[in-house]
Amino acid sequence: MGTREPLHDREVLRYRKRPRIVHAMLASSFLLLLLSGLVILWPALSGLAAGGWTRWLHRVGAVIFMAVPFVYWFADRDGAKELMVDSFKYDRDDYRWFKRFWSYAFGHTANMPKQGRLNAGQKMHHASVMLLSASIVASGLIMWFFMPSLGPSLQAWVVVIHDLSMLALTLLLVGHLYFTFVYKALSGMTRGYIDADDARLEHAKWVEELEQEAAAAAEEETTEKV
Ligand code: HEM
């Protein structure tokens, strides 16, 4: 795969290996936190928590989850920066895209404004993941290390913030999975490539940029040969 070009007739490189590994780390640690957290929180599942292993597993998940931004930074600094900047930068097409969100949600892309590498919904999702994760990590660390020194009402607030942030991130995950399958994006995170037609449908501006870059590179190569 390493020798394949970013842009083919039929496929486009969406994610290289390192961001895919970071995403797998994020997704698996989140699922571990969610499942072990449910066992801790939900009385109906508390029988599974015997021996305190879920509390231990929850902390293992938390350490991996907290390591994700650092691993991303060291493994693929440009990718991490791009993700942070792109997720919080919206243009006019993004606002027009939001207006047509419901049509897009039901699989209609015909009149959607052209989108860049991330569509407006992905930007919103990724930005929310960053902010909610920060809230989960901060409240989680307080619970882990400082809980006994807090008064009862502050303790209750920390728990509420932690649980609501986790709930919001779980609801976002449902949407994330829905769009992954409706718009056939999964292969971008498994093999790294997505179908070029799907890419054009969802990220037309980005594909146009890639095409221009490829054309410029080809022209440069021809000039060098002459
Ligand atoms: C568990 C199953 C999951 C699947 C199948 C999945 C699938 C995907 C796919 C296909 C993409 C690439 C979309 C594109 O083409 O741009 C993606 C990106 C992303 N996902 Fe997930 N995801 C999962 C879990 C999660 C979870 C739990 C989170 C957050 C807690 C998450 C956060 C993200 C973020 C932030 C990106 C952007 C990554 C980057 O640009 O480096 N995902 N996901």
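Values below: all heavy atoms of this structure, side chains included; hydrogens, waters and symmetry mates excluded. Just so you know, ligand 1 is whichever comes first in the structure, and atom 1 is the first atom listed for that ligand.
Classification of Asp91 and Lys205 as a salt-bridged pair holds, one side-chain N sitting under 4.0 Å from a carboxylate O.
Contact of the Trp144 side chain with the His58 side chain is not registered, since no non-hydrogen atoms from C-beta on lie closer than 4.5 Å. Residues Thr170 and Phe30 have side chains in contact (heavy-atom distance under 4.5 Å, counting atoms from C-beta outward).
For Tyr15, a nitrogen or oxygen atom sits less than 3.5 Å from a nitrogen or oxygen atom of ligand 1, counting backbone and side chain alike.
Here the shortest heavy-atom distance to atom 37 (C) of ligand 1, taken over Glu82, His126, Gln122, belongs to His126. For atom 42 (N) of ligand 1, the choice among Met84, His23, Glu202, His203 with the nearest heavy atom turns out to be His23.
Ring orientation note: the planes of Phe101 and Tyr104 are tilted relative to one another, at an angle of 30° to 60°. The aromatic rings of His125 and His176 lie parallel to each other, their planes meeting at an angle below 30°, with 60° marking the opposite boundary.
Given atom 15 (O) of ligand 1, the protein heavy atom at minimum distance is Arg14 NE, 2.8 Å. Protein heavy atom nearest atom 10 (C) of ligand 1, with residue, atom name and distance: Ala185 O, 3.3 Å. In terms of protein heavy atoms, atom 41 (O) of ligand 1 is closest to Tyr72 OH, 2.5 Å. If you check which protein heavy atom lies closest to atom 11 (C) of ligand 1, you get Met189 CG, 3.4 Å.
Restricting His176 to its N, O or S atoms, the one at the least distance from atom 21 (Fe) of ligand 1 is NE2.
Counting heavy atoms closer than 4.0 Å to ligand 1, residue Leu186 contributes atoms from both its backbone and its side chain. With a heavy-atom cut-off of 4.0 Å, Leu177 touches ligand 1 through its side chain alone. At a heavy-atom cutoff of 4.0 Å, ligand 1 is contacted by the side chain of Leu26 but not by its backbone.
When each of Asp86, Asp94, Asp93 is paired with Lys123, the salt bridge (Lys or Arg N to Asp or Glu O under 4.0 Å) condition holds for Asp94 and for no other.
Atom CG of Asp197 and atom NZ of Lys184 lie 8.5 Å apart (nearest 0.5 Å). Here the straight-line distance linking atom CD of Glu11 with atom CG of Asp195 works out to 7.0 Å at 0.5 Å rounding.
Per-residue contacts place Leu173 under 4.0 angstrom from the following atoms of ligand 1 (heavy atoms of the residue considered): 24 (C), 25 (C), 26 (C), 27 (C). Of all atoms in ligand 1, numbered sequentially from 1 with element shown, those under 4.0 Å from a heavy atom of His125 are 32 (C), 33 (C).
Environment of CZ in Arg59: crowded, with over 12 heavy atoms of neighbouring residues, nucleotides or ligands closer than 6.0 Å.
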